[in-house]
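Computation of the quantities below employed the complete heavy-atom set of this structure, encompassing side-chain atoms and omitting hydrogens, waters and symmetry-equivalent molecules. Order of the sequence lines sets the chain letters (A, B, ...), proteins ahead of strands, with each chain counted from 1. Keep in mind the model is a prediction, meaning the values are calculated, not measured.
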Protein chains: 2
Amino acid sequence: MQNRNIASTFAKGLAVLGAFDGGTPVLSLAEIARRSSLDRAAARRLVLTLVDQGFVETDGARGYRLTPRVLRFAGGYLSGRQVGRLVQPVLDRHAAQAGAPISMAVLDGQDVLLLAQSTLQNSVVTFGFTLGSTLPLLHTSLGRMLLALRPADVAARLLATAPMQARTPEALTDRRLISAEVDQARSAGLCIARAQLEAGITGYAVPTGPETVIGLSRAHGLGRDAQADQAAIKALQLCAAELIQTGAV
Amino acid sequence: MQNRNIASTFAKGLAVLGAFDGGTPVLSLAEIARRSSLDRAAARRLVLTLVDQGFVETDGARGYRLTPRVLRFAGGYLSGRQVGRLVQPVLDRHAAQAGAPISMAVLDGQDVLLLAQSTLQNSVVTFGFTLGSTLPLLHTSLGRMLLALRPADVAARLLATAPMQARTPEALTDRRLISAEVDQARSAGLCIARAQLEAGITGYAVPTGPETVIGLSRAHGLGRDAQADQAAIKALQLCAAELIQTGAV
DNA sequence: TCTATATGTGCGATATACGCACAATCTGCA
DNA sequence: TGCAGATTGTGCGTATATCGCACATATAGA
């Protein structure tokens, strides 16, 4: 039974807008229809509406891509939550002290979604991620920490269904082992993930609120470096304490 | 005559989404209807669609606000244009060298729209702006530089119609004087705006492409400091040169 | 040049969305 | 505490916006 409180054309339009996930910068109409599971003609009309409203442009040929105007939605969110005023300066200060970029993230659907980050000059570990980037839930310290913050039933469901995106030889592929890592993060109030997303890189994460976490990454050597781990976690905990004080999260 | 290639319900939905501009973090249905110029019942259905799709949430009472999910649109744009990989590291490196945050912007409608920025530890001048923030066109060095990049007829139209948002005693309010500043920016390939947006702050901007500019701001003393101006412009020009080399803009 | 894929478009059908009007709720003030 | 004004919730009949189809055209790649 259709819900008359829902505008289905608008919902379809949002699916079309969501098809532009950045993995492929320019999309064809056919690809947009596929990604949004819509009839080709419907997808075409919705894309032309986005063009008309200035959120999408053509590349002159038959491809479509987002325009900067979509950043206004992010601006609305960030300004509304005062991220630029309360969160960014704290991340900047602690990232400088830690000598590593620090990111803030939330759980969104089955992904880690980056809310803010402080990048640094000459940072070794960047990966090109930005605000709005999504990261895997099961193979990042951020993701595991976010799962740890959720009620056990919610976490269990996500652990069973989130995509398995192991990309390194050391990445866990057994969901039960990942679940154990999440349990450990829940107990300890921190998470350390070694070479799960990228070989040679250890990720660290701590909570900053009921639904947000911060994290940083560092290159590691062959052995486990307890001292480096402790320093990274300490830096994050100091940062988290200050973020909690701002009340922004 | 209605254009059958445009889905008007989707266009209305985008207007509702755009009502959340961040100035007021939580909006009522009545306020959303006003801002989007829609019938109250229509606005309600469209907002409920956003709630259903996870882009908006209620505050438990009668207010609505954006969720982080809207950042995915920004992520799609930033990832598609490789901002995190090509632009951000360059901004970070040059901001560190300049000792001031550097932002990249485009013209969008009648606003300056921030595309990227490198913020710094202990930065004097932050204002809380973030990626996705909009700034006034007529009273920022970024805005005047963007106007300078446009064909003369386009610039003239914007100079005549963009909102006059003077907020300091020294801010120009005569559109002809502002136009002269834009002409000078066009000739010089750089723009310096003293105390136009904020008292005591000078803004600098240079172009990085046919439609993008970068800029930074510094506190200034009572007199004009030609040496500080030259250093800021030089830093921006070095940054712009490197950005042009990356081909990201 | 040919084939497969993609795109453009008009159209009839119908499902979606509209706006209205009335009821209910909430807020602020005296 | 009560009242007035503003806001919100909701059902409904109707109009129109949107749908998906089918055919034509264009493009890309082998």
Trainee: Round to the nearest Å and state the distance from A:N3 atom CG to D:dG11 atom C1'.
Mentor: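 Interatomic distance, CG of A:N3 to C1' of D:dG11: 14 Å.
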Trainee: When you measure from the side-chain N and O atoms of A:R45 to the phosphate of C:dT9, is any distance below 4.0 Å, counting only OP1 and OP2?
Mentor: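 No.
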Trainee: Counting side-chain heavy atoms from C-beta on, which of C:dC18, D:dT7, D:dA22 comes nearest to A:R40?
Mentor: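 Comparing C:dC18, D:dT7, D:dA22 against the side chain of A:R40, the answer is D:dA22.
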Trainee: Rounded to whole angstrom units, what separation is found between the CD1 atom of A:I6 and the C1' atom of D:dT10?
Mentor: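 After rounding, the gap between these two atoms is 14 Å.
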Trainee: Of all residues at least two apart in sequence or in a different chain, which pass the side chain to side chain contact (heavy atoms under 4.5 Å, CB included) check with A:L158?
Mentor: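 Only A:L107, A:Q110, A:L137, A:L147, A:V154 meet the side chain to side chain contact (heavy atoms under 4.5 Å, CB included) criterion with A:L158.
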Trainee: Between A:E211 and A:R150, is the closest basic N to carboxylate O distance under 4.0 Å?
Mentor: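 Looking at A:R150 and A:E211, the cut-off is met.
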Trainee: Does a side-chain N or O of B:R44 approach OP1 or OP2 of D:dT10 to a distance below 4.0 Å, or not?
Mentor: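 Yes.
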Trainee: Can you tell me the distance, in whole Å, between the CG atom of B:D39 and the P atom of D:dT7?
Mentor: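 After rounding, the gap between these two atoms is 14 Å.
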Trainee: Can you work out whether B:Y64 or B:F10 has the more 5'-proximal nearest nucleotide on DNA chain D?
Mentor: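 On the 5' side of the pair lies B:Y64.
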Trainee: Choose from C:dA6, C:dC18, D:dT8 the nucleotide whose nearest atom is closest to any side-chain atom of A:R34.
Mentor: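 Within the option list, the nearest is C:dA6.
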Trainee: Figure out the NZ/P separation between A:K12 and C:dT16, and round it to whole Å.
Mentor: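 So the two atoms are 7 Å apart, to the nearest Å.
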Trainee: Pick the nucleotide of DNA chain C nearest each of A:E31 and A:A7; which residue has the one closer to the 5' end?
Mentor: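 Its nucleotide being nearer the 5' end, the pick is A:E31.
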Trainee: With the side chain of B:R62 defined as its heavy atoms from C-beta on, choose the nearest nucleotide among C:dG19, C:dC26, D:dC19.
Mentor: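 The closest nucleotide is C:dC26.
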Trainee: Can you see if the side chain of B:S8 gets near the phosphate of D:dT18 - specifically, an N or O under 4.0 Å from OP1 or OP2?
Mentor: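 B:S8 to D:dT18 OP1/OP2: side-chain N or O found under 4.0 Å.
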Trainee: Would you indicate which nucleotide in C:dT7, D:dT8, C:dG19 comes nearest to any side-chain atom of B:L29?
Mentor: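 It is D:dT8.
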Trainee: Under the 3.5 angstrom rule, does the side chain of B:T24 hit a backbone N or O of B:L27 as a donor-acceptor pair?
Mentor: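 Here the side-chain-to-backbone pair does not exist.
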Trainee: Output the single nucleotide from C:dT7, C:dC20, C:dC18 whose closest atom is nearest the side chain of A:R4.
Mentor: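 Within the option list, the nearest is C:dC18.
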